[in-house]
Protein chains: 2
Amino acid sequence: MKQQLVFKALADGTRRDILRVLRSGSKSAGELSEEFSITKASLSHHLALLLNAELVRRERRGQQLIYSLNSSIAEEVMAILFGLFSHKEDS
Amino acid sequence: MKQQLVFKALADGTRRDILRVLRSGSKSAGELSEEFSITKASLSHHLALLLNAELVRRERRGQQLIYSLNSSIAEEVMAILFGLFSHKEDS
DNA sequence: TAGATATTTAGATAATAGTCTAAATATCTA
DNA sequence: TAGATATTTAGACTATTATCTAAATATCTA
């Protein structure tokens with residue numbers, strides 16, 4: 001996991017919103033775009049960053065590209081956070 | 001907690017390094033600056049963002065300003081992450 | 001294979017963010 | 001209170017990022 005990519009990806013509010021939308025199930029880029037007021041091109045840019053950070057997965061279904069959450073990375077992020085904040089010498 | 005401030009603060013590698021350094025105990029701005037190759041002014045800027053996000057606390061001791069981790073916010077961040085990635089309808 | 005649909009990529013622009021130097025503020029001590 | 005030390009704040013510069021429009025790519029279907 002590229003730590004820097006993950007934290008950068010999570011730093012944008014739109015991208016966190018995308019993750020929240022995907023909680024209710026996988027969606028195509030087009031379906032996702034209905035939930036946001038930015039252009040499809042901008043959304044595609046955000047999806048690329050999320051994909052690059054491995055926060056989402058992507059698969060093609062015909063003409064559509066279907067995006068879904070990659071929850072396993074969440075555990076890794078939490079482990080890192082735990083590491084950032086746990087005091088050394090603590091039992 | 002201002003979610004946006006926290007995620008933005010965590011997005012920068014230098015700031016995550018600052019948190020890691022503080023794991024071994026609280027430090028003054030000057031002591032911290034010995035650990036980094038940026039100027040004290042730049043470091044001060046990062047510390048201000050961490051403070052603003054409530055990821056660190058600050059107290060004055062004479063001429064020095066002592067920074068320490070605010071671990072309680074880590075729990076909140078993890079809760080948010082959990083929320084971002086947990087599938088709806090999941091038990 | 002031509003046209004329609006779904007999505008990304010390229011290139012431009014504007015806003016944000018990180019860094020620096022120089023100056024300002026706060027505290028201590030002789 | 002003057003000077004020294006510790007740190008922040010201000011202002012400028014550069015790099016990165018988010019957004020847009022227009023063009024390109026991929027897939028399906030008549």
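Every value quoted in this text rests on a predicted model; they were computed, and no experiment measured them. Proteins come first, then strands; the chains are lettered A, B, ... in the order of their sequence lines, and each starts at number 1.
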- Just by protein heavy atoms under 4.0 Å, how would nucleotides 6-18 of chain C read 5' to 3' in B, S and -? SSBB-------SS

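- For D:dT8, the paired base is C:dA23 (Watson-Crick or G-U wobble, both distances below 3.5 Å).
- At whole-Å resolution of the value, CG in A:Asn52 and C1' in D:dT16 are 15 Å apart.
- Judged by Watson-Crick or G-U wobble contacts below 3.5 Å, the nucleotide C:dA2 has D:dT29 as its partner.
- In this structure, B:Arg23 contributes its side chain and A:Gly83 its backbone to a donor-acceptor pair below 3.5 Å.
- The side chain of B:Thr39 places no N or O atom within less than 4.0 Å of a non-bridging phosphate oxygen (OP1 or OP2) of C:dT19.
- The NZ atom of A:Lys8 lies 11.0 Å from the CG atom of A:Leu49; values are rounded to the nearest 0.5 Å.
- Nucleotide D:dT19 forms a Watson-Crick or G-U wobble pair with C:dA12, both donor-acceptor distances falling under 3.5 Å.
- The backbone N or O of B:Leu10 lies less than 3.5 Å from a partner atom in the side chain of B:Arg16, making a donor-acceptor pair.
- In this entry C:dG18 has D:dC13 as its Watson-Crick or G-U wobble partner, both defining distances falling under 3.5 Å.
- Taking the side chain as every heavy atom from C-beta outward, B:Val77 and B:Ile80 never approach each other to under 4.5 Å.
- At distances below 3.5 Å, not a single donor-acceptor pair connects side-chain atoms of B:Arg58 with backbone N or O atoms of B:Tyr67.
- Side chain of B:Ser24 to main chain of A:Lys88: no donor-acceptor pair is present (N/O by atom type, distance under 3.5 Å, no hydrogens or angles).
- Taking atom CD of B:Glu59 as the reference point, atom P of C:dA26 lies 19 Å away to the nearest angstrom.
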